Amino acid sequence: MSYLRLLRQRPVLVLWLAQGLSVLGDRLYALAVMWVVYAATGAASLMGMVAVVESLPYVVLGTAGRHAVARFSTFGRLAWVDAARALVGVALPFLWSPDAWGVALLLVGVFLLGTLGALFDPNLGALVPDLVEPARVQQVTGLFDLTGRIARIAGPASIGLLLLVVSEVQLFALNGVTFAVSAVALGWLARRYAMTAGPEVERSGQARPTARAWPTVRAHPRVGLAIGLHGVALFCSAVTAVGMPALLATRYGAGPAVYGLVTAAVGAGALLGNPLAGNRRSSGWLGVYCAAWAVQGVATACMGLALSLPTLVLLAAVTGLVTPATSVTLRAHLGAFPPAERLRLMSVDQTVIRAGGTAGMVLLPFLVDASPRGACMVGGVVVAGAALGALLVASRALRPDAVLPVSAAAHGRPVVAE
């Protein structure tokens, strides 16, 4: 019911619907780009290159581009970013050809979309908490997390129907259309807040002030620890992303239908877990965050030991159930910071998980090739161990985090206490 109350606020409803459509387009794009590259080249290695090319701008801008990222910290400027993404997406089908030149142009398009996404994602995450009063940051974070959960189910479910009327490469254009819708919604929000008592940064038309990454993280070591754990977990997630089809084939002799069942179980678990995470009280955030990663790690390790398919499906549902407790808990806590620190910390988190996820997709498939079961066990144990270790370090070794003053743009948000 708390989500429904949030959606009665027109700015929240408009942005949520637009971003839900945009995230669905992203899922279609992610499937299309991998399929098109593989169909054109027959090389799985190039599929990995796509992931690297898309993630590289996140790493570069996250580490050395804080001023560039901060320049797009208003709804109006994000509308222009999405307009640019729409142009790239719509242009790709016209530039594509099933040869080396076409693949090269496609990789350029992927790089451009990755660069624009690196400017867009942390800024949108930093703006969302300003839509509501401080007491409802956890809830609005959970609401926007729900868009990704729905898209992960709706995307694969709709892809078969869409491919009956369009080609794989035309899915890029559909993704461009979703970006255009998002650009219109963001432009409406920019005009609304420019004329009303909305976020201070939108009324002034100025970008948010910037904060340096290392001093900010050093002042909040528990946040830095949580972001580091996030990177480790995303690195290890490659063992299931790459290894699950191999595990099903070698262990159970199962095919795509069962893989779809396992994926659906993860998605269903995440949908059930999202309202719990979005409506949880924010106290004790680090304990909840680390416990959720520990449970997910143990469940992943047990997948390698599972003796039957029903057990495997149940474990997959458990991993999905606790996933929102990781993403919502961290992002809601970061959302309580004053705007400049919030943007920088969200950008650092984005950089770390992109770097970790990309490194995992490059390195861990070799472990999966050696033993899919062993890869699940090793990856799960590493995540669970890192989560428990982070909690132990936070409780025994870290000093209390520094308190940052609340800026005028934080709408009177209380000082962050860790």
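Note that the coordinates shown come from a computational prediction; the quantities given were computed from them, not determined experimentally.
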So, does Trp16 use its side chain to make a donor-acceptor pair with the main chain of Leu7 at under 3.5 Å? no
Looking only at atom types and distance, does a side-chain atom of Thr147 sit under 3.5 Å from a main-chain N or O of Phe144, one as donor and one as acceptor? yes
Can you see whether Gln19 engages Ser182 through a side-chain donor-acceptor pair at a distance of less than 3.5 angstrom? yes
Considering only heavy atoms from C-beta outward, does the side chain of Val217 approach that of Val223 to under 4.5 Å? no
Spell out, as yes or no, whether a donor-acceptor pair under 3.5 Å connects the side chain of Arg222 to the backbone of Ala394. yes
Candidate pair Cys290 and Leu388, rule side chain to side chain contact (heavy atoms under 4.5 Å, CB included), full reasoning: CA-CA 7 Å; Cys290 291; Leu388 295 176; over 6 Å; no
Would you say that Leu247 contacts Cys376 through its side chain, given a criterion of any heavy-atom pair below 4.5 Å between the two side chains? yes
Closest contact, heavy atoms only, Pro11 versus Tyr193: CB-OH, 3.5 Å
Would you check if Leu24 and Thr178 make a side-chain contact, meaning some heavy-atom pair closer than 4.5 Å? no
Considering only heavy atoms from C-beta outward, does the side chain of Val50 approach that of Leu107 to under 4.5 Å? yes
Nearest heavy-atom pair of Arg85 and Asp82: which atoms, and what distance? NH2-OD1, 2.7 Å
Under 3.5 Å, is there a donor-acceptor pair linking the side chains of Thr311 and Ser308? yes
Considering all heavy atoms, the nearest Gly231-Val352 contact: CA-CG1, 3.5 Å
Write down the atom of Ala386, the atom of Val232, and the distance for their closest heavy-atom approach. CB-CG1, 4.0 Å
Can you tell me how far the CG atom of Leu119 sits from the CZ atom of Arg77, to the nearest 0.5 Å? 12.0 Å
Is the shortest side-chain heavy-atom distance between Val368 and Met244 below 4.5 Å? no
Going by the angle between their ring planes, with limits at 30° and 60°, are Tyr289 and His230 parallel, tilted or perpendicular? perpendicular
When every non-hydrogen atom of Ala86 is compared with those of Gly176, the smallest separation belongs to CB-O, 3.2 Å
Can you tell me how far apart CG (Leu314) and CE (Met303) are? Round to the nearest 0.5 Å. 9.5 Å
Answer yes or no: is there a donor N or O on one side and an acceptor on the other, between the side chain of Asp26 and the main chain of Asn175, under 3.5 Å? no
Which value, rounded to the nearest 0.5 Å, describes the distance between Leu343 atom CG and Asn123 atom CG? 5.0 Å
d(Leu61 CG, Gln350 CD) to nearest 0.5 Å is 11.0 Å
Please check if the side chain of Gln138 supplies one atom and the backbone of Ala277 the other of a donor-acceptor pair under 3.5 Å. yes
Regarding Arg342 and Asp130, does a basic nitrogen lie under 4.0 Å from an acidic carboxylate oxygen? yes
Side chain proximity check, Arg149 to Ser327, heavy atoms < 4.5 angstrom: yes
Once you round to the nearest 0.5 Å, how far does CZ of Phe72 lie from CH2 of Trp80? 11.5 Å
Show your reasoning for whether side chain to side chain contact (heavy atoms under 4.5 Å, CB included) applies to Phe75 and Leu127. CA-CA 8 Å; Phe75 287 121; Leu127 284 168; 3.9 Å; yes
For Val362 versus Val52, what's the shortest heavy-atom pair and its separation? CG2-CG2, 3.8 Å
Would a distance-only check, ignoring hydrogens and angles, find a side-chain to backbone donor-acceptor pair under 3.5 Å from Ser73 to Val69? no
So, Arg136 and Glu133, do they make that salt bridge, N to O below 4.0 Å? yes
Value for OG1 (Thr250) from CZ (Arg373), rounded to nearest 0.5 Å, stands at 8.5 Å
With under 30° as parallel and over 60° as perpendicular, where do the rings of His220 and Phe337 fit, or are they tilted in between? perpendicular
Do Val110 and Tyr29 have side chains that approach each other closer than 4.5 Å (heavy atoms only, starting at C-beta)? yes
Is any side-chain heavy atom of Trp293 closer than 4.5 Å to one of Val298? no
For the pair Leu15 and Val128, evaluate side chain to side chain contact (heavy atoms under 4.5 Å, CB included) and give the outcome as yes or no after the intermediate values. CA-CA 9 Å; Leu15 186 58; Val128 164; 4.3 Å; yes
Verdict with reasoning, Leu391 to Ser395, per side chain to side chain contact (heavy atoms under 4.5 Å, CB included): CA-CA 6 Å; Leu391 189 58; Ser395 62; 5.5 Å; no
Could you point out which residue of Thr115, Asp121, Thr358 forms a side chain to side chain donor-acceptor pair (under 3.5 Å) with Tyr58? Asp121
Could you check whether Tyr3 and Asn279, counting side-chain N and O atoms only, form a donor-acceptor pair closer than 3.5 Å? no
